[in-house]
Novice: 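Below is the structure I would like to discuss, written out as structure tokens.
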Amino acid sequence: MTEISVRLPEGDPVSVPSPTTVAGALAELLSGKQRKRCVAATINEMQVDLDTELTEDTTISPIQIGSDEALEILRHSTAHVMAQAVRELFGDDVKVAIGPAIENGFYYDFYRDEPFSPDDFEKIEEKMTEISRAALPFTRSTINRLEAIETFNAQGEKYKVELLEELEDETISIYQQGPFVDLCRGPHLPNTSFIKDFKLLRVAGAYWRGDENKDVLQRIYGTVFFDKKELKKYLNQLEEAKKRDHRKLGKELQLFTTQDEIGPGLILWQPKGSQLRRLIEDYWKDEHYRHGYELLYTPHIARQDLWKTSGHLDFYSENMYASMEIDEVKYQLKPMNCPFHIGVYNSNKRSYREFPIRWAELGTVYRYERAGALHGLLRVRGFTQDDAHIFCREDQLEEEIFNILDLNLHILKTFGFSEYDIYLSTRPEKSVGTDDHWEQSTNALKQALEKKGLGYDIDPGEGVFYGPKIDIKIKDQLGRSWQCSTIQVDFNLPERFDVNYIGADNKEHRPIMIHRALMGSLERFIGVLIEHYAGAFPIWFAPTQARILNITDDQAEYCEKVYDELRKGGVRIEKDLRNEKLNYKIREAQVNKIPYMLIVGEKEKESGTVTVRMRDGKNLPPMSIEEFIEKIDQECRDQRGN
RNA sequence: GCCACUGUAGCUCAGGUGGUAGAGCAACGGAUUCGUAACCCGUAGGUCGGCGGUUCAACUCCGCCCAGUGGCUCCA
């Protein structure tokens with residue numbers, strides 16, 4: 001009998017009789033408890049099933065419950081089980097397409113004439129539980145590709161056939177659990193009994209292979225965990241996200257609204273939301289002025305010729321609204337601010353001594369978004385970018401990018417975002433500019449990031465056609481990420497508009513232009529802020545900072561006086577002097593997420609004070625009006641960092 | 001744009017199989033003057049998303065349109 005030597009990555013080799021399986025080897029290498037946690041293994045950087053046969057000396061890294069890899073395998077296997085369940089319930093009416101694991105769960109795409117209803121979910125879940133109880137093993141086998149095509153063809157599984165036809169390998173692997181066979185690379189769980197804590201979440205349309213010209217499939221989403229608690233936690237998190245939904249809070253807190261009469265994707269800011277926005281805008285403007293920017297205002301429409309010159313009609317017309325005619329000349333609504341800033345630039349002869357020129361504008365733009373893409377404040381048709389354009393020489397590029405990153409992270413931090421993912425997008429296939437340009441500017445972006453000590457991922461080929469870019473995705477309180485900031489190098493527009501400056505050599509040169517937006521769009525950013533803070537904004541940009549609540553009418557007059565003083569003192573104050581019980585008023589202020597309630601009864605009236613109740617329900621000792629103003633002022637300055 | 005679902009008072013929602021609508025909260029009026037998350041009584045409020053069709057009769061059935069939601073695609 002031959003023996004082979006197997007070992008864990010950190011462990012000593014152990015001899016086992018050959019042939020054995022991964023599971024067999026692990027039985028020798030791990031304690032029983034550890035062994036039970038194994039669902040698959042990694043060998044030579046390949047994930048394999050536990051029943052994979054071993055005939056050579058091998059180092060085995062077990063994939064155990066608790067790891068991300070194990071979870072992914074669980075999710076993938078669960079997708080298969082769901083497909084099996086759907087197959088058994090709906091028979092040949094259903095064609096299966098693909099079913100991968102995704103972040104937080106899995107999905108499977110099906111073709112079926114009838115729509116799946118949420119009622120079907122229950123049946124599918126029941127069937128899945130049945131399959132789980134049966135502890136069906138997932139068995140892998142390899143099969144000749146052409147044979148596989150025949151098999152799946154015979155079953156009418158045209159999507160599988162299509163996939164197979166595109167594969168290049170001669171032999172492919174298939175997995176079977178019970179009667180269900182699926183084309184799959186694997187690995188899978190040893191058997192279906194691991195699949196207990198799952199839930200189907202929703203059904204949605206999806207194009208076959210993501211192509212809108214192909215069949216529309218029904219995609220059923222679900223999630224699954226190894227542990228019931230984990231599942232519960234995730235479902236709770238979904239609930240929490242629902243509570244924080246900016247559309248819901250926006251309505252409840254009266255921040256913004258939309259109306260049929262006005263049109264989809266067009267936001268009406270209510271007074272509270274407008275106040276919030278104004279505070280953000282003011283802060284933004286101050287911060288930009290401080291960091292060497294000048295502020296611009298530019299129009300909302302321009303002659304169509306401008307958009308021809310800029311190239312937007314060629315590259316961006318799908319997102320632009322139709323032209324309008326004014327005095328027999330065509331004009332078009334702006335989707336971007338850059339051409340206008342260039343207009344300001346070109347209004348004078350520019351010298352290298354002026355560089356870098358940093359111009360910022362809260363510029364409102366209009367872009368056509370397909371109806372199905374609209375979403376609350378996050379995806380709209382009219383929005384205000386916190387835009388800026390920097391004109392500089394190539395040798396200033398890196399430093400400017402560095403400065404932008406600096407300001408960018410500073411502003412995000414002030415708003416409470418200090419975790420983010422950064423992406424550097426490089427040259428796409430369709431692009432303009434010389435290789436030199438691309439290389440130099442990409443390097444400038446890289447170096448600025450490195451100098452700032454920021455980790456980043458490269459998104460190959462995801463740059464804009466006119467230059468490379470840095471995107472920053474911020475993470476909110478629930479760990480969800482949102483794309484807001486973008487920094488883009490552009491050597492196309494200066495060319496198109498013949499933007500130039502006189503250098504030290506008294507000759508004309510072409511500057512480089514940087515486009516950047518930090519919050520992205522105010523609409524989107526505020527949407528994210530609402531969800532991040534669940535509507536309970538920090539005092540410095542809370543639309544209302546405090547509300548005065550009297551106990552009885554006897555304090556009404558005093559409250560009016562307090563109100564006037566606070567308002568004059570710069571506090572964003574409201575009063576609730578209605579003839580209602582204190583409990584009632586407190587509840588309402590609490591629901592409105594107002595940071596401070598100022599409670600005024602006889603005691604306070606006598607002593608010329610207010611009692612401060614904080615949003616968390618705790619009370620501060622009574623304080624004078626001046627003290628409260630000072631307190632608010634101090635807190636705002638602390639939070640805003642100035 | 002595509003697939004599915006949804007659209008009833010300001011808000012949240014009820015209204016088998018067709019006979020023109022209700023509740024709670026909010027609003028308004030009254031009573032109460034009450035110290036840390038909803039006091040009581042009363043009043044008013046809806047062309048049931050819009051248009052068209054079937055029908056003696058449609059919130060309920062059919063068609064088209066509009067809007068929203070979940071995704072896909074797109075965008076970033």
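Here is how names work: the chains are called A, B, and so on, in the same order as the sequence lines, proteins then strands, and each is numbered from 1.
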Novice: Taking the P atom in each of B:A4 and B:G15, what is the distance between them to the nearest angstrom?
Specialist: 25 Å
Novice: A:Ala79 and A:Tyr108: which non-hydrogen atoms are nearest, and at how many Å?
Specialist: O-CD1, 3.2 Å
Novice: Heavy atoms under 4.0 Å, any strand shown: does A:Asp211 hit a base, just sugar-phosphate, or nothing?
Specialist: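 The residue A:Asp211 makes no contact with any strand.
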Novice: Need the pair for B:G35. Rule: Watson-Crick or G-U wobble, both distances under 3.5 Å, any strand; none if unpaired.
Specialist: none
Novice: Out of B:C74, B:A67, B:U36, which nucleotide sits closest to the side chain of A:Ile599?
Specialist: B:U36
Novice: Under a 3.5 Å cut-off for both distances, is B:C72 Watson-Crick or wobble paired, and to whom?
Specialist: B:G1
Novice: As a test of reading the structure: which of B:G35, B:A37, B:U12 is closest to the side chain of A:Leu582, going by heavy atoms?
Specialist: B:G35
Novice: Considering only side-chain heavy atoms of A:Val216, which listed nucleotide, B:C2, B:A4, B:U33, is closest?
Specialist: B:C2
Novice: With P as the reference atom in both, quote the distance from B:G16 to B:C62 in angstrom, rounded to an integer.
Specialist: 15 Å
Novice: Quick one: on RNA chain B, does A:Ala204 or A:Tyr368 contact a more 5' nucleotide (nearest heavy atom)?
Specialist: A:Tyr368
Novice: Using a 4.0 Å heavy-atom cut-off across all strands, classify A:Asn583 as base, sugar-phosphate, or nothing.
Specialist: sugar-phosphate
Novice: Could you state the CD-P distance from A:Glu318 to B:A76, rounded to the nearest angstrom?
Specialist: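 Result: 11 Å.
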Novice: Should B:G52 form a Watson-Crick or G-U wobble pair with both distances under 3.5 Å, which nucleotide is its partner?
Specialist: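 The answer is B:C62, by the H-bond criterion.
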Novice: Looking only at the side chains, is there a donor atom on one of A:Gln332 and A:Ser323 sitting less than 3.5 Å from an acceptor on the other?
Specialist: no
Novice: Could you tell me the separation between the CG atom of A:Leu200 and the P atom of B:A4, rounded to a whole number of Å?
Specialist: 20 Å
Novice: Do A:Asp406 and A:Lys452 meet the salt-bridge criterion of a basic N to acidic O distance under 4.0 Å?
Specialist: yes
Novice: Would you mind classifying the nucleic acid contact of A:Arg613 as base, sugar-phosphate or nothing, using non-hydrogen atoms under 4.0 angstrom?
Specialist: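 Base: the residue A:Arg613, judged by heavy atoms under 4.0 Å, touches a nucleobase.
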Novice: Measuring only the C1' atom in each nucleotide, how far is B:C66 from B:G52? A whole number of Å is fine.
Specialist: 14 Å
Novice: Quick check: does any side chain N or O of A:Asp386 sit under 3.5 Å from a backbone N or O of A:Met519, one acting as donor and the other as acceptor?
Specialist: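 Flag set: sc A:Asp386 to bb A:Met519 pair under 3.5 Å.
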Novice: Please confirm whether any donor atom in the side chain of A:Tyr207 sits under 3.5 Å from an acceptor in the base of B:G1, or the reverse.
Specialist: yes
Novice: What nucleic acid atoms does A:Thr611 come within less than 4.0 Å of, heavy atoms only: base, sugar-phosphate, or nothing?
Specialist: base
Novice: In whole Å, what separates the P atom of B:C41 from that of B:U60?
Specialist: 36 Å
Novice: Can you identify which nucleotide, out of B:A67, B:G35, B:C11, has its nearest atom closest to the A:Lys603 side chain?
Specialist: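 For the A:Lys603 side chain, the nearest candidate turns out to be B:G35.
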Novice: If you find the nucleotide of RNA chain B closest to A:Arg524 and the one closest to A:Phe116, which residue's nucleotide is nearer the 5' end?
Specialist: A:Phe116
Novice: Return yes if the base of B:G10 and the side-chain atoms of A:Gln254 contain a donor-acceptor N/O pair under 3.5 Å, otherwise no.
Specialist: no
Novice: Check the phosphate of B:G71 against A:Arg202, side-chain N and O only, distance under 4.0 Å to OP1 or OP2. Yes or no?
Specialist: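 Answer is yes, contact under 4.0 Å.
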Novice: Can you check the A:Ile220 CD1 to B:C5 C1' distance for me, whole Å?
Specialist: 14 Å
Novice: When you get a sec, tell me which of B:U73, B:U36, B:A67 is the closest nucleotide to the side chain of A:Glu212?
Specialist: B:U73
Novice: What does B:U43 pair with, Watson-Crick or G-U, if both distances are under 3.5 Å?
Specialist: B:A27
Novice: Going by modelled atom types, is there a donor-acceptor pair between the base of B:C74 and the side chain of A:Arg379 at under 3.5 Å?
Specialist: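 Pair found.
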Novice: Of the candidate nucleotides B:G1, B:A27, B:U36, which contains the atom at the shortest distance from the side chain of A:Tyr584?
Specialist: B:A27
Novice: Is the distance from OP1 or OP2 of B:U69 to the nearest side-chain N or O of A:Arg247 less than 4.0 Å?
Specialist: yes
Novice: Could you tell me if A:Arg75 sits above the aromatic ring of A:Phe225, with its cationic atom closer than 6.0 Å to the ring centre and no more than 45 degrees from the axis?
Specialist: yes
Novice: A:Glu602 has an atom CD; how far is it from atom P of B:U36, in whole Å?
Specialist: 16 Å
Novice: Which part of the nucleic acid, if any, lies within reach of A:Gly601 when heavy atoms closer than 4.0 Å are counted: base, sugar-phosphate only, or nothing?
Specialist: base
Novice: Under a 3.5 Å cut-off for both distances, is B:A9 Watson-Crick or wobble paired, and to whom?
Specialist: none
Novice: Calculate the interatomic distance between A:Asp471 atom CG and B:A76 atom P; express it in whole Å.
Specialist: 9 Å
Novice: As a test of reading the structure: which of B:A76, B:A4, B:C34 is closest to the side chain of A:Lys581, going by heavy atoms?
Specialist: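 The nucleotide sitting nearest to the side chain is B:C34.
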Novice: Search all heavy atoms of A:Pro622 against all heavy atoms of A:Thr609 and return the closest pair with its distance.
Specialist: CB-OG1, 3.8 Å
Novice: With a distance cut-off below 6.0 Å to the six-membered ring centre and an angular limit of 45° from the axis, does A:Arg219 pair with A:Phe110 as a cation-pi contact?
Specialist: no
Novice: Would you say A:His375 reaches B:C75's phosphate, i.e. side-chain N/O to OP1/OP2 under 4.0 Å?
Specialist: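 For A:His375, the contact criterion (side-chain N or O under 4.0 Å from OP1 or OP2 of B:C75) is not met.
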Novice: As a test of reading the structure: which of B:A37, B:G35, B:C74 is closest to the side chain of A:Glu604, going by heavy atoms?
Specialist: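 Of all the options, the side chain of A:Glu604 is nearest to B:G35.
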Novice: Would you call A:Glu574 and A:Ile594 a side-chain contact if the rule is heavy atoms closer than 4.5 Å?
Specialist: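 Touching, per the 4.5 Å side-chain cut-off.
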Novice: For B:C25 and B:C64, measure between their C1' atoms and round to the nearest Å.
Specialist: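 Roughly 37 Å separates the two C1' atoms.
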Novice: Run the numbers on A:Lys334 and A:Thr298 for side chain to side chain donor-acceptor pair (under 3.5 Å), then give the verdict.
Specialist: CA-CA 10 Å; A:Lys334 71 172 168 184; A:Thr298 64; 3.0 Å; yes
Novice: Write down the distance between CD (A:Glu580) and C1' (B:A31), rounded to a whole number of angstrom.
Specialist: 12 Å
Novice: Taking the P atom in each of B:U17 and B:G49, what is the distance between them to the nearest angstrom?
Specialist: 16 Å
Novice: In this structure, how many angstroms lie between the C1' atom of B:U69 and the NZ atom of A:Lys248, rounded?
Specialist: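 It works out to 15 Å between those atoms.
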Novice: Select base, sugar-phosphate, or nothing to describe what A:Gln488 touches, counting heavy atoms under 4.0 Å on all strands.
Specialist: sugar-phosphate
Novice: Does B:A4 have OP1 or OP2 sitting under 4.0 Å from an N or O in the side chain of A:Tyr221?
Specialist: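 No, no such contact exists.
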Novice: Suppose you measure atom C1' in B:U36 against the same atom in B:G29; what distance do you get, rounded to whole Å?
Specialist: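 Their C1' atoms lie roughly 28 Å apart.
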Novice: Atom CD1 of A:Ile470 and atom P of B:A76: how far apart are they, to the nearest Å?
Specialist: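 It works out to 17 Å between those atoms.
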Novice: Is there a side-chain polar atom (N or O) of A:Arg578 under 4.0 Å from OP1 or OP2 of B:A27?
Specialist: yes
Novice: Classify A:Lys585 by what it touches in the nucleic acid, base, sugar-phosphate, or nothing, heavy-atom distance under 4.0 Å.
Specialist: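 Result for A:Lys585 = nothing.
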Novice: Rounded to whole angstrom, note down the C1' distance from B:A58 over to B:G18.
Specialist: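 Going atom to atom, C1' in each nucleotide, I get 6 Å.
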